[in-house]
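Data first, discussion second: the structure below is written as structure tokens.
Predicted, not measured: the structure shown is a model, and the values here were computed from it. These values consider heavy atoms only, across backbone and side chains, with no hydrogens, waters or symmetry-generated copies.
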Amino acid sequence: MKLVFYLLVFLLVFFSADLAKAQSDSELILELKQKLQSTTSDEEVVGLLNDIAWEYYYQDFDSAMHFANRALAMAEEMESVYWKSVSLEMKAILMELSGRFEEAIALYLEVIPLRQEVGGEGLENTYNNMAALFQNQENYELSLIYFKKSLEIEESRKNEAGIAACLINLGISYKNLNQLDTAGVLFQEANKISEAIQDSILIVHSSLSLGDFYGKKSQLDSARFHYEKARKLGLASKDYNSVGVALQGLGTLEQVEGRLGRALEYLNQAEEYLDRVKSFLGLSNLYYRKAQILKDDGKPEQANEYFEKHITLNDSLRTMEILRLTADMEQKYESERKERQITELELQAAERELAARANRTRLGTLAIIALLLLLLGGFYAYRYKTQRRNALILGEKNRAIQVALQDKEVLLREIHHRVKNNLQVVSSLLSIQGREIEDAKALEAVKESQNRVKSMALIHQYLYGENDLKSINMQEYVSQLSQNLFDTYRLDRDLVTLHLEVEPIHLDVDTAVPVGIILNELITNSLKYAFPEGETGNLQVKFLEKEDLLILQVKDDGVGKKASQNSGTNFGMKLIKAFQHKLGASITIETEDGYSVTCTIGKYKRIWVENIAS
């Protein structure tokens, strides 16, 4: 399984075969299912369920998730920390391969402490998988952090194959960060280890990496040597994707040296192998390269043909990605849509029944008009029953409508809940990255960014946690935000006193978010600069409405002008000024007897309490 993870990382960088292509694994899945029926060991069952989930991904994602969920449920029932970590990581891999990166990151963050709890078994795989995810998202700085963590574990266990694979992955990230010399050293070391242990797959991958490195350094003979080596070993092991990549590299070298005919011969061979494994990304890059060569060779019509192939394939890849990302959302809401359709059909049937009964009532009235006096009592009894029945039907209809409204409210709460969770994931990632930062200024910037994310997450927390889905109670929000910032900067409440003068004003989300960010910056500025260590003082926050204007004031009696020197040019003040146009705000700064910033806001939407429930 671990080798598959390393291969995944490499193929993503070197024009991998389409991960969604069909695999001839049906026999393997049947074999695994037969083993599942015959085994009696709980641990073997969980392992087989995870293996089936992995194999099913290429054919049926829903089935893959089904078996992964079964494995997780059984691991939890067994109370096995190890197998719970394995099953959670399988779900994370499936989420990652289906493009649901945020959910994959959240699952990986759950796996890490579980791996540590069982002595770190498998932790190198988890770090490697997280790094591969960040590398795939072109976040190479974060990928380096986790590849290095994986490498430390592999080195402590003296696993040479794992060390070589980590070195290749690190080199790819450094290469994409344009640190070619560092990348070259890592590729050479990986190649040396791969040769020593005679691991043909790692030899091919490290040779391809070196070919790419030497090509970028214009050392064409060395590049050609490693590409040829990768091509021969790839053919021997039937790794046709690597063969295609190597041939494409050789063609590029010929193009650089001006031998266009020879370059086209290599690219034509590469196209054959990449098409055999359906490496659409690799073919897209190859078409673009052939178009360039044909254009330089004076063949514009053929060049245009391959350029159009390149554009068409790129469009198809983007379409496939969009379809993959939206498929889960469509599936999620399909059942809800069907339920709404059933409800609507039932309501329509009820309305038709009401209309039919009304018609029958009118015909009956005409038929018995001559017998009105004799049947008057019976008529009123019949009419009473009819009205009561109609009232019951209308009541059912109203209840159905109420249920639909409640479903909508639940959906809105779920959206706010997910936004809050996503912001918390961002905050957690900032916190994780902050642990690796030694520079004090950089660490402070990360900390401030984390506070800004938390101020936005607090708004969505209020929205899904309260009965009110339309507005934010600023009195509660300002109080909570202020207390959070005091806790963050760990100020002694006996030294610095917080005074809040906030009216119970309800604002819509579009107004509350920028106001919350501005308030976060102003309070942060005072807590950081106004009260040097050991000094006492007061921090006053006002928020009120006056003559159709919102007045937001943050004032302290601290060091005054010294604080203004820090705050006037920093990112926080620039952020505040960026929201001036959106809020129609004016900003007044006073530095006498402390430091005071007053924002007068003209563009805002207040929601009155009597309208909130409507």
Side-chain angles (χ1 to χ4, degrees), residues 1-29 54-55 57-59 97 132 136 161 164-165 168-169 171-172 187 190-191 194-195 198-215 223-255 262-291 293 306 309-310 312-314 316-317 320:
M1 183 68 75
K2 182 174 181 180
L3 184 57
V4 176
F5 299 156
Y6 292 136
L7 186 57
L8 171 64
V9 176
F10 186 84
L11 296 182
L12 285 170
V13 179
F14 284 99
F15 316 126
S16 66
D18 183 9
L19 293 174
K21 69 185 180 68
Q23 301 288 324
S24 57
D25 290 330
S26 58
E27 292 183 4
L28 178 57
I29 291 174
W54 172 258
E55 297 299 333
Y57 170 72
Y58 297 100
Q59 300 178 19
L97 294 176
N136 189 34
I168 294 172
N169 291 329
I172 291 169
F187 291 148
N191 189 253
S194 302
E195 292 279 6
Q198 288 297 300
D199 189 315
S200 60
I201 294 176
L202 290 173
I203 294 173
V204 169
H205 294 169
S206 58
S207 297
L208 286 174
S209 299
L210 284 169
D212 183 59
F213 164 73
Y214 284 120
R224 184 175 289 105
F225 169 79
H226 287 287
Y227 279 138
E228 282 287 359
K229 183 178 179 180
R231 182 184 68 84
K232 292 177 181 178
L233 284 175
L235 283 171
S237 60
K238 296 184 180 180
D239 182 0
Y240 297 129
N241 184 76
S242 295
V243 173
V245 173
L247 287 168
Q248 189 171 356
L250 290 168
T252 302
L253 297 179
E254 296 294 334
Q255 180 188 6
R262 183 63 175 158
L264 283 174
E265 290 179 11
Y266 277 122
L267 293 182
N268 287 334
Q269 295 177 50
E271 183 176 357
E272 177 186 344
Y273 286 104
L274 293 174
D275 184 63
R276 181 184 298 188
V277 295
K278 303 302 179 189
S279 176
F280 300 127
L281 184 58
L283 286 170
S284 173
N285 286 280
L286 183 140
Y287 292 152
Y288 182 77
R289 178 72 64 185
K290 289 184 75 171
I293 295 174
Y306 277 99
K309 285 185 177 182
H310 164 73
T312 302
L313 195 51
N314 268 4
S316 299
L317 289 170
M320 288 168 61

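Here the closest heavy-atom approach between residue Gly234 and residue Val243 is recorded as C-CG2, 3.4 Å. The shortest non-hydrogen separation linking Leu202 to Ser194 is CB-OG, 3.3 Å. Considering every non-hydrogen atom in both Gly215 and Leu253, the closest pair reads CA-CD2, 4.4 Å. A pairwise comparison of heavy atoms in Leu210 and Phe187 identifies CD2-CB, 3.5 Å as the closest pair.
The structure places CG of Asp239 at 5.5 Å from NE2 of His205, a figure rounded to the nearest 0.5 Å. Atom CZ of Arg231 sits about 6.0 Å away from atom CG of Leu247, to the nearest 0.5 Å. From Ile201, atom CD1 reaches atom OG of Ser206 across 11.5 Å, with rounding to the nearest 0.5 Å. The distance from the CG atom of Leu267 to the OH atom of Tyr287 is 11.5 Å, given to the nearest 0.5 Å. Summarising the geometry, atom CD belonging to Gln248 is positioned 11.0 Å from atom CG belonging to Leu208; distances are rounded to the nearest 0.5 Å.
Every residue meeting the side chain to side chain contact (heavy atoms under 4.5 Å, CB included) condition with Ala263, not counting sequence neighbours, appears here in chain and number order: Glu254, Gln255, Ile293. Here Glu195 pairs with Asn191, Gln198, Ile203, Lys229 under the side chain to side chain contact (heavy atoms under 4.5 Å, CB included) rule; sequence neighbours left out. For Tyr288, the ring-ring contact (aromatic ring centres under 6.0 Å, His included) criterion is met by His310, not counting sequence neighbours. For the side chain to side chain donor-acceptor pair (under 3.5 Å) test, residues two or more places apart in sequence or in another chain that qualify with Tyr266 are Arg262. Every residue was checked against the side chain to side chain donor-acceptor pair (under 3.5 Å) condition with Gln269, not counting sequence neighbours, and none meets it. Under the ring-ring contact (aromatic ring centres under 6.0 Å, His included) criterion, Tyr214 pairs with His226, sequence neighbours left out. Tyr273 is linked by a side chain to side chain donor-acceptor pair (under 3.5 Å) to nothing, counting only residues two or more places apart in sequence or in another chain.
The salt bridge (Lys or Arg N to Asp or Glu O under 4.0 Å) analysis of residues 280-291, with sequence neighbours excluded, yields the pairs Glu271-Lys290.
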For this session: Check the pair Asp212 / Tyr227 against side chain to side chain contact (heavy atoms under 4.5 Å, CB included), numbers first and verdict last.
Result: CA-CA 8 Å; Asp212 183 59; Tyr227 279 138; 3.9 Å; yes

Exercise. Between Asn241 and Leu274, does a side chain to side chain contact (heavy atoms under 4.5 Å, CB included) hold up when you go through it step by step?
Worked result: CA-CA 6 Å; Asn241 184 76; Leu274 293 174; 4.0 Å; yes

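A donor-acceptor pair under 3.5 Å links the side-chain atoms of Asn268 to the main chain of Leu264, judged by distance alone.
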